[in-house]
Peer 1: 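Following this message is one structure expressed as structure tokens.
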Number of protein chains: 2
Amino acid sequence: MNFNQLKVFCLVAEVKSFSKAAKLAHLTQPAISSQIQSLESTLGATLFTRTSTGVYLTDAGQVAHHYIKKMLLIQEELNDQLRLHDQYLP
Amino acid sequence: MNFNQLKVFCLVAEVKSFSKAAKLAHLTQPAISSQIQSLESTLGATLFTRTSTGVYLTDAGQVAHHYIKKMLLIQEELNDQLRLHDQYLP
DNA sequence: GTCCCTTACGTCAGTCGTAAAAATG
DNA sequence: CATTTTTACGACTGACGTAAGGGAC
């Protein structure tokens with residue numbers, strides 16, 4: 001599980017579309033599809049229901065979204081704190 | 001940045017040794033060294049001071065340790081919550 | 001036909017282990 | 001010399017893009 005997968009997951013959850021997320025992330029749809037499948041595999045749960053009108057979070061997906069948002073927020077705080085620090089190398 | 005790196009980082013921070021962490025994680029010392037170097041590179045900060053008597057967290061390393069522990073805790077909560085869910089596939 | 005997601009496949013970066021090197025006590 | 005970390009190198013896994021496939025409107 002890596003943070004790129006988590007960012008892609010949150011992006012898809014927001015725009016409710018793999019293809020739109022792909023454009024926003026400057027990736028291809030297959031890359032998005034692969035990332036989501038990989039995340040679903042490691043978490044052992046289906047995160048999205050795929051329909052012709054769009055993709056939507058399952059119950060498990062909503063749970064995951066809640067925690068993953070928190071993790072990404074903490075990651076940003078970490079980066080912010082390190083940027084203020086001495087050992088930071090631009 | 002992936003979660004294996006974060007777990008290795010926390011392990012090294014606890015045992016203050018790459019070699020001991022390697023044994024505990026069932027990896028080799030070079031693998032630990034590489035993971036830490038990679039994490040230091042992505043965070044843009046030196047996390048450990050390497051001495052002959054052991055490795056110790058730098059100031060930036062202590063900051064990172066604080067946030068990374070929180071991220072790993074949330075990851076565990078996520079796994080716990082998903083395990084209670086319907087869509088969970090063993 | 002059009003749009004969207006998935007599968008298949010070749011390519012390239014990242015990670016591991018083994019082996020050798022460098023540094024410290 | 002013993003211990004620990006780092007570097008070098010070959011092998012493997014994982015992620016990407018291109019191209020083709022399948023389903024819904």
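Below, chains carry the letters A, B, ... as their sequence lines are ordered, and counting in each starts from 1. Quick caveat: nothing in here was measured; it's all calculated off a predicted structure. Note: hydrogens, waters and symmetry copies are ignored here, and every other heavy atom, side chains too, is used.
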Peer 1: Starting at atom OH of A/Tyr56, determine the distance to atom C1' of C/dC5, rounded to an integer number of angstrom.
Peer 2: 14 Å
Peer 1: What residues, two or more places apart in sequence or in another chain, satisfy side chain to side chain donor-acceptor pair (under 3.5 Å) together with B/Thr51?
Peer 2: B/Thr53
Peer 1: Quick one: side chains of residues 1-11 of chain B, donor-acceptor pairs under 3.5 Å with protein atoms, not counting sequence neighbours, listed by atom name and distance.
Peer 2:
residue: B/Asn2; atom: OD1; partner: B/Asn4; partner atom: N; Å: 3.1
residue: B/Asn2; atom: OD1; partner: B/Gln5; partner atom: N; Å: 2.8
residue: B/Gln5; atom: OE1; partner: B/Asn2; partner atom: N; Å: 3.4
residue: B/Gln5; atom: NE2; partner: B/Ser38; partner atom: OG; Å: 2.8

Peer 1: With the side chain counted from C-beta on, respond yes when A/Leu47 and A/Gln62 share a heavy-atom pair under 4.5 Å apart, and no when they do not.
Peer 2: no
Peer 1: Rounded to whole Å, how long is the line connecting atom CD of A/Glu40 with atom C1' of C/dT6?
Peer 2: 12 Å
Peer 1: Determine to 10° how strongly the helix from C/dG1-D/dC25 to C/dG25-D/dC1 is bent, judged from the axes of its five-pair ends.
Peer 2: 20°
Peer 1: At their closest point, which heavy atom of A/Ser17 faces which heavy atom of A/Val55, and how far apart are they?
Peer 2: N-CG2, 3.6 Å
Peer 1: Rounded to the nearest 0.5 Å, what separation is found between the CG atom of B/Leu27 and the OG atom of B/Ser33?
Peer 2: 12.5 Å
Peer 1: Quick check on DNA chain D: between B/Lys16 and A/His26, whose nearest nucleotide comes earlier from the 5' end?
Peer 2: B/Lys16
Peer 1: Report whether B/Tyr67 and B/Ile74 are members of the same hydrophobic cluster (ILVMFWY, side-chain heavy atoms less than 4.5 Å apart, transitive linking).
Peer 2: yes
Peer 1: Look up atom OG1 in B/Thr58 and atom CZ in B/Phe48, then write down how far apart they are to the nearest 0.5 Å.
Peer 2: 8.0 Å
Peer 1: Without decimals, in angstroms, what is the distance between B/Ile32 CD1 and C/dC16 C1'?
Peer 2: 11 Å
Peer 1: Hey, does B/Ser17 reach any base, or is it just sugar-phosphate, or nothing, if we go heavy atoms under 4.0 Å?
Peer 2: sugar-phosphate
Peer 1: Answer whether the closest heavy-atom distance between the side chains of A/Leu57 and A/Thr49 falls below 4.5 Å.
Peer 2: no
Peer 1: Honestly curious: do B/Leu24 and B/Ile68 fall in one hydrophobic cluster under the side-chain, below-4.5 Å linking rule?
Peer 2: no
Peer 1: Any salt bridge (Lys or Arg N to Asp or Glu O under 4.0 Å) involving residues 14-33 of chain B? Give me the pairs, sequence neighbours left out, ordered by first then second residue.
Peer 2: none
Peer 1: Where is the tightest heavy-atom contact between A/Leu78 and B/Ala64, given as atom of each residue plus distance?
Peer 2: CD1-CA, 3.5 Å
Peer 1: Check every nucleotide of DNA chain D for an atom under 4.0 Å from a heavy-atom of chain A, then give the first and the last such nucleotide from 5' to 3'.
Peer 2: D/dA15 to D/dC25
Peer 1: Distances for protein N/O vs nucleotides 7-14 of chain C N/O pairs under 3.5 angstrom?
Peer 2:
residue: C/dT7; atom: OP2; partner: A/Gln37; partner atom: NE2; Å: 3.1

